[in-house]
Amino acid sequence: MQPRVLLDGLAMPESPRWHDGRLWFSNWGTGQIVAVDLDGTSAVVGEGPDGLGWATNWLPDGRMLVTGPELMRIETDGSRVRHADLGAISSYGWSELTIDGPGNVYVNTLNFDFAQFGELLASGEAPGKIALVTPDGVAREVADGLAFPNGMVVTSDNRTLVVAESFARRLTAFDIAADGSLSNRRVWADVTGDGLCIDADGAIWTSDVGPAEGGVVLRVREGGEVLDRIELDRPCYACMLGGEDGHTLFMVAQRWFGPDRMGELIEAKTGRILTAHVDVPHAGWP
């Protein structure tokens, strides 16, 4: 698979989602929510928080959720309200989220000050958490002890959630109960990951965020078998399957200067969206 550049010159693209015929993504550092079609025509379609680490997704009724210091909901008239009070679970803000078929919202938090990135990585601690917000608005913690939780996917049968633990370089799975609770925590695959997506065969597309210059995108089966591999010229931070038939793999990639040079990274605008055609289409959530 030879990837092609769909969009270039971005600050820090993250959290890609295929929605309503376009790829939507968070352009960190600019506070912009951007959508791009398959011809490369893009537009700013909304506003996110000013900082880093936020994502978007949609409730079954079409209203958008945006993470950040709080989990916010954008109403049909454009107004913003707090979707759920998660302050008792973590005071460090919220990053990735996915919403399953019944409308359960799973949202995770690094649960530490990003300024302590290096110290926490060296310590081996795992303070990350996952919170659940049910369709009736009840919020509760459903998982903890996660080592820098990143992208999450839910299988198409709504029975399994898989989360990338980037610091531990593994994908971790949970069973989903009828009430949305998570149990039976286990290693899904001993591969690293950031933003994830899942296909109709139950394989996960994930990215190796380790290399400083190049990047690798992997399609992995449960247990760790690598089924496909795509080499890039820079690290990839998230993947999403979409397109009209679900066979387009979108990859958001950019250079990496280190956690102490985030401002410089955003100014350099090395971010880009790449695409490749794949054999197995999208399934599951997001």
Side-chain angles (χ1 to χ4, degrees), residues 3-81 83 94-99 105 107 151 194-197 205 207 215 217 232 234-255 262-263 265-278 281-282 285-286:
R4 72 177 185 92
V5 177
L6 179 67
L7 196 61
D8 209 350
L10 300 168
M12 198 172 181
E14 259 281 10
S15 183
R17 303 283 188 262
W18 181 258
H19 175 73
D20 198 21
R22 293 187 290 179
L23 184 80
W24 299 53
F25 62 91
S26 308
N27 197 17
W28 294 355
T30 69
Q32 297 173 342
I33 301 169
V34 181
V36 59
D37 64 23
L38 292 174
D39 294 326
T41 302
S42 65
V44 176
V45 292
E47 295 182 1
D50 291 331
L52 312 177
W54 53 275
T56 61
N57 214 325
W58 289 265
L59 293 166
D61 63 12
R63 290 177 297 172
M64 178 187 281
L65 297 185
V66 183
T67 62
E70 292 194 87
L71 178 62
M72 302 298 292
R73 185 178 69 245
I74 302 177
E75 302 286 43
T76 54
D77 62 1
S79 61
R80 297 182 179 228
V81 298
H83 184 65
W94 300 88
S95 50
E96 279 287 355
L97 79 161
T98 192
I99 302 170
V105 178
V107 56
D194 196 323
L196 311 176
C197 61
W205 284 97
S207 55
V217 180
L232 304 177
R234 64 198 66 192
C236 175
Y237 290 90
C239 312
M240 184 67 213
L241 286 164
E244 297 305 322
D245 59 1
H247 285 270
T248 301
L249 178 68
F250 298 91
M251 297 160 280
V252 298
Q254 65 187 43
R255 305 293 184 191
M262 300 302 291
L265 177 65
I266 291 166
E267 288 296 322
K269 292 184 171 57
T270 67
R272 56 176 43 170
I273 310 292
L274 302 110
T275 67
H277 180 82
V278 298
H282 172 261
W285 319 93

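What you see is a predicted model; the values in this text were computed from it and never measured.
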Between [X] and [Y], what is the shortest heavy-atom contact and its length?
X	Y	result
Gly53	Thr67	O-OG1, 4.3 Å
His83	Leu59	CE1-CD1, 3.9 Å
Gly151	Leu196	O-CD1, 3.5 Å
Gly29	Leu52	N-CD2, 3.9 Å
Arg17	Ala55	NH2-CB, 4.5 Å
Ala253	Leu274	CB-CD1, 3.8 Å

If we ignore hydrogens and angles and just use 3.5 Å, is the side chain of [X] paired with the main-chain N or O of [Y] as donor and acceptor?
X	Y	value
Asp245	His247	yes
His277	Thr248	no
Trp24	His19	yes
Asn27	Ala11	yes
Arg272	Gly9	no
Asp37	Gly40	yes

From [atom1] ([X]) to [atom2] ([Y]), nearest 0.5 Å:
X	Y	atom1	atom2	answer
Met240	His282	CE	NE2	3.5 Å
Leu71	Leu97	CG	CG	6.5 Å
Met262	Trp28	CE	CH2	7.5 Å
Ser207	Asp194	OG	CG	5.0 Å
Leu10	Ile266	CG	CD1	12.0 Å

Next item on the list: Begin with the C-alpha distance, continue with both residues' side-chain angles, and end with the deciding distance and a verdict on side-chain contact (heavy atoms from CB on, under 4.5 Å) for Ile99 and Leu65.
Entry: CA-CA 10 Å; Ile99 302 170; Leu65 297 185; 4.0 Å; yes

Note to self: Taking the six-membered ring for Trp, are Trp285 and Trp58 closer than 6.0 Å centroid to centroid?
What the structure shows: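 Not close enough - the centres of the two rings lie 6.0 Å or further apart.
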
Are the side chains of [Y] and [X] in contact, using a 4.5 Å heavy-atom criterion?
X	Y	answer
Leu265	Gln254	yes
Phe25	Ile273	yes
Trp54	Pro49	yes
Cys239	Val217	yes
Thr275	Leu23	no
Met251	Leu232	yes
Thr56	Ser26	yes
Leu6	Arg4	yes

Check: Going through the distances and angles, do Cys197 and Leu249 end up as a side-chain contact (heavy atoms from CB on, under 4.5 Å)?
Finding: CA-CA 9 Å; Cys197 61; Leu249 178 68; 4.1 Å; yes

Check: Between Trp18 and Arg22, is there a cation-pi geometry (under 6.0 Å to ring centre, at most 45° from the normal)?
Finding: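 Judged by the rule, Arg22 and Trp18 form no cation-pi pair.
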
Check: Does the pair Glu75/Arg63 count as a salt bridge with the N-to-O cut at 4.0 Å?
Finding: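 Judged by the 4.0 Å cut-off on N to carboxylate O distance, Glu75 and Arg63 do form a salt bridge.
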
Notebook entry, point to check: Between Glu267 and Arg255, does at least one N-O distance fall below 4.0 Å, as a salt bridge requires?
Noted result: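 A salt bridge is absent here (no side-chain N lies under 4.0 Å from a carboxylate O).
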
Item checked: Test log, rule side chain to side chain donor-acceptor pair (under 3.5 Å), inputs Asp77 and Ser79 -> CA-CA 6 Å; Asp77 62 1; Ser79 61; 2.6 Å; yes

Checklist line | side-chain contact (heavy atoms from CB on, under 4.5 Å) evaluation trace for Val66 with Met64 | finding: CA-CA 7 Å; Val66 183; Met64 178 187 281; 3.9 Å; yes

Margin query: Please check if the number of heavy atoms outside Asp50 that lie under 6.0 Å from its CG is greater than 12.
Written below: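 No.
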
